[in-house]
Amino acid sequence: MRFSQLLLPTLKETPAEAEVVSHKLMLRAGFIRKLASGIYSYLPLGLKAIRKVEQIVREEMNNAGAQELLLPMVQPADLWQESGRWKKYGPELLRFTDRHQRESCLGPTHEEVITDLVRKNIHSYRNLPVNLYQIQTKFRDEIRPRFGLMRGREFLMKDGYSFDATEKGAEETYEKMKHAYHRIFKRCGLSFRAVEADSGTIGGSFSHEFMVLADTGEDTIVVCGQCAYAANMEKARAMAAPTRPAEPQLPLARVETPGKRKVQAVCEFLGIPPQNLVKTLIYVADGKPVAVLLRGDHEVQEVKLQNLLGATEVRLADDKETFDCTGTPTGYLGPVGLSLPLVADLEVTAMANFTVGANEKNFHLRNVNIGRDFTVGQTADLRMVTAEDRCPLCGGQLGLTRGIEVGHIFKLGTTYSEALKATFLDDQGKEIPFVMGCYGIGVSRAVAAAIEQNHDNDGIIFPVPIAPFQAIILNLSTKDPAITRAAETLYEECRAIGIEVLLDDRDERPGIKFKDADLIGIPFRVMVGNSLTKEGKIEIRERAGGQTTAVSLADTTARLKQMVESAMTNSQL
RNA sequence: CGGGGCGUGGCGCAGUCUGGUUAGCGCGCCUGCCUUGGGAGCAGGAGGUCGGAGGUUCGAAUCCUCUCGCCCCGACCA
């Protein structure tokens, strides 16, 4: 491709709308342009990068036994009503009515459609398993689109769905997909972790998120410094607390704590560490109040609470609600004598002689002990893991990092197949529902994530496998016939041997070409200019690291090929 | 939806508080000269209903009302 003919509108200055680096750079590098909030046009260079990721995804999905198909983007409401999600999904689902007054929606995901397809066409265990995927534009009417391609309303996604005859089969498929995902992101040249994720209300027992590690990521993930353990905050566990200390139980004492409501204030006032205090929080779970006990220095992880209670909605009660159901103002609540359902975080059960609110304004209780002074209903891991915690698997130090979710795999089970009555006959002639899994990859987001992870002050530094072009040839003096001839020759040679190359043949000064080449992040830059005239040398510069190699004109193409191939192989498995 | 901010040539901004000739500046764009290894220089030029509608006024980018769009924080979410 010739730069002079390419729609590549690079910008010197960053448009005011962009906040994060990938968004800024994709605008400046002429990859994308915004049409409306969360809706972008992909320009040729941006599309090329996306196609690279798509192709890797295709190859690995196909290798793992999945088949590509393409499902409709417009979906009838009937199907969504059948699965129950027409009501559940909320305003994120963009709904509209067609000319016949039929209700429809733009597909944000395709469980319904694929399940319908399979139930109508597969009736026997002999045809299982099947694993189907598509790469398609999705639409989700996000509350707040932001960060360019990172969280758009319209975005490109690979979504796959598997159908197995048995739980065991579904688990094997899940593992296959997990493996394929590792290969995909590795091949894309991304630094990532697969983390255990909460499978939410979907009812699945298996779920992993694939997170690209980047400081600007929207999600916090917990990673063990010593072993492979990684999880998102909703799921992360810590090594179990040491068993309850054998210290003797001290007599219960009621102490006055005037005006001391916050954990910190109470602790300072009483001269105790927050690790020795138990706070009592009132939550509203599906409209019903429940008291949650937590060590003073810990925070509730609401998804864990939600899962424990089997609730569809949990939220912290406000001051008024708290007072209404306890008769005590917030700050002085405690478990002793409280007539609400009590759930406790595991850490609390390891504590003895701790301090709690007295359920009376301006008073706390000291030397409280579970069993003697009160009993808890349920105990579970309910808290947010912190950087001080240790790995639940190996005891190593845990760390918190930021990540960008680019992939998510779920074992769905029979939730959708049951709702949509998607069944087959097993080898006993019995009618049973398919066991499903679903597997997503944010393709456009993956490109943004790659840029978040790989850039410098001058622009993008693409990993070779997903770069829009592998190399760029700079003709540094278009008026010089010898230089131009050399650049053109190299360009033709490269194309002939399959190097994806862009020729900067514009009548511009060298500085502009250097800047643009750096900005758009092409891995190898081939410079044809003075050094050819003076020393007979062509320079090849690596975008990552800036290492420059001088070679003779005759050797350039072969050398470049070698460098490109070596970079591609390094990102293979 | 709550809070904050912004809409002025393609991009980045000034001007708005305190209304008053012809609405400026940098970059980009076009023409010519010149220049060619890190976003050159000189000269000339094109391009703006100041987001939109209504109002106040002799006069509105500027003041008032309404409205649309965009960005950030929060709630929310795969």
Side-chain angles (χ1 to χ4, degrees), chain A residues 9-20 23-24 27-28 30 33-40 85 88-93 107-111 138-148 150-153 155 157-159 197-202 204 207-211 218-219 232 234 302-303 313-316 318 404-410 412 438-442 444-445 457-459 474-480 483-484 504 506-520 525-535 537-539 541 546 548 550:
Chain A
T10 57
L11 302 171
K12 258 190 197 178
E13 289 176 289
T14 306
E17 69 188 52
E19 186 72 12
V20 296
H23 189 195
K24 287 178 184 172
L27 287 169
R28 283 193 56 208
R33 286 293 182 265
K34 185 174 66 183
L35 181 64
S37 180
I39 301 180
Y40 291 84
R85 287 211 292 184
K88 265 195 214 161
Y89 216 91
E92 205 174 289
L93 183 65
T109 176
H110 282 68
E111 282 84 3
K138 294 284 189 279
F139 192 92
R140 294 182 190 171
D141 202 354
E142 292 280 346
I143 285 178
R144 183 146 93 85
R146 58 185 129 179
F147 305 149
M150 205 75 90
R151 182 174 290 271
R153 293 196 292 167
F155 58 98
M157 179 171 173
K158 186 283 297 182
D159 51 324
D198 179 71
S199 47
T201 46
I202 301 183
S207 179
H208 282 84
E209 290 174 342
F210 287 77
M211 312 288 300
E218 286 190 90
D219 300 300
N232 71 10
E234 297 169 0
E302 293 185 3
V303 172
E313 190 219 344
V314 299
R315 61 179 175 83
L316 196 59
D318 63 30
I404 300 165
E405 184 188 343
V406 291
H408 199 161
I409 59 178
F410 278 101
L412 288 177
C438 82
Y439 318 95
I441 291 180
S444 44
R445 183 186 278 187
N457 287 335
D458 291 314
L474 303 190
N475 177 344
L476 294 173
S477 183
T478 50
K479 299 251 163 54
D480 182 326
I483 286 174
T484 299
D504 192 344
R506 294 175 299 169
D507 181 21
E508 294 287 359
R509 300 163 59 83
I512 289 179
K513 300 192 178 188
F514 293 142
K515 287 291 185 188
D516 274 343
D518 284 349
L519 179 60
I520 64 180
R525 183 215 290 178
V526 179
M527 291 169 285
V528 188
N530 280 347
S531 53
L532 179 64
T533 321
K534 290 179 188 156
E535 299 142 41
K537 294 289 188 185
I538 303 290
E539 287 156 302
R541 183 184 159 98
T548 306

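Each chain gets a letter, A, B and so on, in the order the sequences are listed, and its residues count up from 1.
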Say we look at [N] and [M]: how far apart would their [atom1] atoms be, to the nearest angstrom?
| N | M | atom1 | answer |
| --- | --- | --- | --- |
| B:C25 | B:U67 | P | 37 Å |
| B:G24 | B:U8 | C1' | 10 Å |
| B:C11 | B:G28 | P | 15 Å |
| B:G47 | B:G10 | C1' | 10 Å |
| B:C17 | B:C73 | P | 31 Å |
| B:A14 | B:C77 | C1' | 40 Å |
| B:G19 | B:A60 | P | 14 Å |
| B:A23 | B:C30 | P | 26 Å |

[atom1] of [X] versus [atom2] of [N]: gap in Å, rounded?
| X | N | atom1 | atom2 | value |
| --- | --- | --- | --- | --- |
| A:Leu27 | B:C11 | CG | C1' | 11 Å |
| A:Lys88 | B:A78 | NZ | C1' | 15 Å |
| A:Glu17 | B:C11 | CD | P | 9 Å |
| A:Leu35 | B:C70 | CG | P | 10 Å |
| A:Phe147 | B:C70 | CZ | C1' | 15 Å |
| A:Phe139 | B:A78 | CZ | P | 17 Å |
| A:Ile512 | B:G39 | CD1 | P | 9 Å |
| A:Arg151 | B:C71 | CZ | P | 14 Å |

So, does the side chain of [X] form a donor-acceptor pair with the base of [N] at under 3.5 Å?
| X | N | value |
| --- | --- | --- |
| A:Arg445 | B:A78 | yes |
| A:Ser531 | B:G37 | yes |
| A:Arg525 | B:G38 | yes |
| A:Asp458 | B:G38 | no |
| A:Glu405 | B:A78 | yes |

- Query: A:Arg541 or A:Pro145: which one's nearest nucleotide on RNA chain B is closer to the 5' end?
  - Reply: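 The answer here is A:Arg541.
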
- In terms of the nearest nucleotide of RNA chain B, which residue is placed more toward the 5' end: A:Glu92 or A:Glu508?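 Residue closer to the 5' terminus by nearest nucleotide: A:Glu508.
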
Determine the contact category for [X]: base if any of its heavy atoms lies under 4.0 Å from a base atom, sugar-phosphate if only primed atoms, P, OP1 or OP2 are that close, otherwise nothing.
| X | result |
| --- | --- |
| A:Ala16 | sugar-phosphate |
| A:Arg28 | base |
| A:Asp219 | base |
| A:Asp516 | base |
| A:Met527 | base |

At less than 4.0 Å, is any side-chain N or O atom of [X] found next to OP1 or OP2 of [N]? Yes or no.
| X | N | value |
| --- | --- | --- |
| A:Thr14 | B:G12 | no |
| A:Arg146 | B:C70 | no |
| A:Arg509 | B:A40 | yes |
| A:Lys34 | B:C71 | yes |
| A:Arg144 | B:C73 | yes |
| A:Lys12 | B:G28 | yes |

Taking any strand in view, what nucleotide pairs with [N] in a Watson-Crick or G-U wobble way, both distances under 3.5 Å?
| N | result |
| --- | --- |
| B:C34 | none |
| B:G69 | B:C6 |
| B:A75 | none |
| B:G59 | none |
| B:U22 | none |

- Query: Among the nucleotides B:G26, B:A75, B:U35, which one has an atom lying closest to any side-chain atom of A:Glu13?
  - Reply: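 For A:Glu13, the side-chain atoms sit closest to B:G26.
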
- How far does CG of A:Leu11 sit from NZ of A:Lys24, to the nearest 0.5 angstrom?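 Atom-to-atom, A:Leu11:CG and A:Lys24:NZ are 13.5 Å apart.
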
- Task: Looking only at non-hydrogen atoms, find the nearest pair between A:Gly529 and A:Leu476 and report the distance.
- Result: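 Taking every non-hydrogen atom into account, CA-CB, 4.0 Å.
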
- Give me the one residue out of A:Glu508, A:Arg506, A:Lys513 that meets side chain to side chain contact (heavy atoms under 4.5 Å, CB included) with A:Leu474.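 The residue from A:Glu508, A:Arg506, A:Lys513 that satisfies side chain to side chain contact (heavy atoms under 4.5 Å, CB included) with A:Leu474 turns out to be A:Lys513.
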
